[in-house]
Number of protein chains: 2
Amino acid sequence: MLSNRQLLVLQVIIDEFIQTAQPIGSRAISKKEDISFSSATIRNEMADLEEMGYIEKTHSSSGRVPSEKGYRFYVDHLISPFRLSSDEMNSITHTFEKGMLEFEQIVQSSARVLSDLTNYTSIILGPEVFETKLKQIQIISLSSTTAVAILVTNTGHVEHRSFTIPATIQPSDLDKLVNILNDRLVGVPIIQLHEKLYTEIAELVNSYTQDFETAYKYVKAALFDEQHVKLYVGGKTNILMQPEFKDVEKIRSLFTIMEKEDEIANLLRSSTGGINVSIGQENKMDAMQDCSLITATYSLGDKQMGTIALLGPTRMEYSRVISLLNVLSSRLTKTFHSWY
Amino acid sequence: MLSNRQLLVLQVIIDEFIQTAQPIGSRAISKKEDISFSSATIRNEMADLEEMGYIEKTHSSSGRVPSEKGYRFYVDHLISPFRLSSDEMNSITHTFEKGMLEFEQIVQSSARVLSDLTNYTSIILGPEVFETKLKQIQIISLSSTTAVAILVTNTGHVEHRSFTIPATIQPSDLDKLVNILNDRLVGVPIIQLHEKLYTEIAELVNSYTQDFETAYKYVKAALFDEQHVKLYVGGKTNILMQPEFKDVEKIRSLFTIMEKEDEIANLLRSSTGGINVSIGQENKMDAMQDCSLITATYSLGDKQMGTIALLGPTRMEYSRVISLLNVLSSRLTKTFHSWY
DNA sequence: GTTAGCACTCTTCACTTCCGAGTGCTAAAT
DNA sequence: ATTTAGCACTCGGAAGTGAAGAGTGCTAAC
């Protein structure tokens, strides 16, 4: 168990290190306002803290640096809610007041605000389709052999894809098909589309001509086969300003990871409700071993819709970042709620 | 004027430096197969070349390195067409054989192939709208106060935007409006849309009710007011592998530039037909002073549609890159031509 | 339990020294 | 008149040295 004084010392060390990125010595601590012990006493406490694994030395006679266990303890027990400045609150409020009405835009602006305010890299996993329903399907032919299929959801999301069709297929067949699809599928939640398509609709289509079936295949492939994730990343370069990323190799591996959107998306998707902090080695991805990833989710009703995350060095301003994520995720939740 | 031997020496120096990124000494040159002179002779030639500004020393007793003037001369007079390997040709052919039918996809894959093959960063300015014409406008209401407007071009490009409308506006008004817009605007080249909207259509709309005019305003704002550029960047991290980018500051300034898509787009847009090479200081952007930017354009008929570019260090494989860009731009041109 | 004092450790920086790669010049060779 | 061999010279980089400074751990005194 940690004594009160040890808690205090640990807190000071971590707070200080987060700001300066420099190892903290006993003398520096003893000089702090809320500390009334001599450096020697601090040294003893620090020796204990080190033995328990909360802090480390960078070399035998250096000041101390928080260990990952230290950060973990700090995050779990030591941080108090951060009072955001009115400037910060304003930036966020401003983002939501532009009266944008599209998922994409709101989410994108959120990512930008977040990375601007923190100087870390923000990653937002766009709204998943849980609650969204099909609003309308349209096919617009461009030429005798090409057409573009458009799918609109009740959330205003639009997917589209161009495709080729054999010239043998009649435009009237396409129209008929669209009608059938709209008849049967409008209002159906997006996640159930696949299922419905393969049972109900496929059956129905079978009863028509060969050509009609072909048309169906094309449209299905165009609209429903690929489901791509939307990942918004803000301030990729911010992380370059952190002194821990002086090494080009680290930068490279981190940037390479960030290009693998699928993996990142899966990682974020797996995060549960509320704020979640992964520190250093706790991260599943190798290239993030020197980073911390803080995630928060936003939701519609009791369905989780997406995830906001901030990626920075383990030496992160946890307190502030967590407050920011809290505010932003609840703003997102509120906004989406007001829409539907 | 440069003697034949000087040309040869200059060529060897640049070829070698492009491969090794190390200063080249006289002895190394004299050992090359096609060189039959002693290192002393080479030294004399190098002294001349340096005096003329084609090569430089990194310090008083170092080997030589190409100057920007040297690269310029190399690009203008010394490079012979590069024979692309069949592997390279295959990768490109493969990209165009996937039967994708959308601008975006083709262009995106092209960017990827290009950066993969070269290990530089590829930037592609998406097809401009010169020849594209409006195919259809649609408005789909999502709720009593929200709707999504969709605009489709004859090239299969889809733009969409959600927007709010006062509840006082009748759905029937919206329908009427869409009909008018489609009546008047289908087939009109996208670049003329603005003009038409502000003259013809505005006039027409004036004769209807107040509400109708309001609806018009909303739709116009949603669909036509913002025109955003599509810029595809491939292999941003590739540039980190180049030894000239060991310095974090350089990386940061370069990446910061690359986030300013507007500026990059303007830069690319200003490039004229054919291959264009900007070496080092020739670049307008400060952060690119250590880079070379090679651009090629692709077109439809005699209208230039967009630009492909590769960004790398000044020590670039000019010959290969130029060949690749040539092939790719003509493939793009051919593909687009076959569509329309 | 706390603190002052001190020896000890380790980094950092400036300053050498040494080596090798490469040049420029001169004089000899072709 | 070129070309080449030879050699002194220059410079960067690696390795080494020493002094300064920051910080620790331990001991003994408070």
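In what follows, every chain begins at residue 1, and chains take the letters A, B, ... in the order their sequences are listed.
- Between the CG atom of Asp48(A) and the P atom of dC26(D) there is a distance of 11 Å, given to the nearest Å.
- The side chain of Arg5(B) sits closest to dT3(D) out of dT3(D), dA4(C), dG24(C).
- Contact annotation: Ser60(A) side-chain N/O to dC10(C) OP1/OP2 distance is under 4.0 Å.
- One atom, CD of Glu50(B), and another, C1' of dT23(C), lie 10 Å apart when rounded to the nearest Å.
- Taking the six-membered ring for Trp and thresholds of 30 and 60 degrees, Tyr318(A) and Tyr74(A) have ring planes more than 60 degrees apart, a perpendicular arrangement.
- Scanning all heavy atoms of the two residues, the minimum distance from Ser292(A) to Met316(A) falls at O-CE, 3.9 Å.
- Between the side chain of Arg43(A) and the base of dG5(C), at least one donor-acceptor pair of N or O atoms lies under 3.5 Å.
- Atoms CD1 (Ile29(A)) and C1' (dT24(D)) sit 12 Å apart, rounded to a whole Å.
- Residue whose closest nucleotide on DNA chain D sits further toward the 5' end, between Gly63(A) and Ser36(B): Ser36(B).
- Per the geometry, CD belonging to Glu56(A) stands 18 Å off P belonging to dG23(D), to the nearest Å.
- At whole-Å resolution of the value, CD1 in Ile42(A) and C1' in dG1(C) are 14 Å apart.
- Between Lys57(B) and dA21(C), a side-chain N or O to OP1/OP2 separation shorter than 4.0 Å is absent.
- Nearer the 5' end of DNA chain D, as judged by each residue's closest nucleotide, is the contact made by Ser38(B), out of Ser61(B) and Ser38(B).
- One finds no side-chain N or O of Ser39(B) lying less than 4.0 angstrom from the OP1 or OP2 phosphate oxygen of dG22(C).
- The side-chain heavy atoms of Ile55(B) and Leu10(B), taken from C-beta on, include a pair separated by under 4.5 Å.
- Out of dG25(D), dG12(D), dT23(C), the shortest distance to the side chain of Met46(B) is found at dT23(C).
- Closest contact between the side chain of Thr41(B) and the listed nucleotides dT23(C), dT2(C), dT4(D) involves dT4(D).
- Proximity of Arg64(A) to the phosphate of dT24(D): a side-chain N or O atom is located under 4.0 Å from OP1 or OP2.
- A distance-only check finds no donor-acceptor pair linking the side chain of Ser39(B) to the backbone of Arg27(B) [under 3.5 Å].
- Spacing between atom CZ of Arg27(A) and atom C1' of dT3(C) amounts to 14 Å, rounded to whole angstrom units.
- Under 4.0 Å is where a charged nitrogen must lie from a carboxylate oxygen, and between Arg72(B) and Glu282(B) at least one such pair does.
- Counting only heavy atoms from C-beta on, Asn44(B) has its side chain closest to dT4(D) among dA4(C), dT23(C), dT4(D).
- If you take NE2 of His59(B) and C1' of dG13(D), they are 9 Å apart, rounded to a whole angstrom.
- Between Gln22(A) atom CD and dT11(C) atom P the separation is 15 Å, expressed in whole Å.
- With dG25(D), dT4(D), dG24(C) as the candidates, the nucleotide lying closest to the side chain of Ala40(B) is dT4(D).
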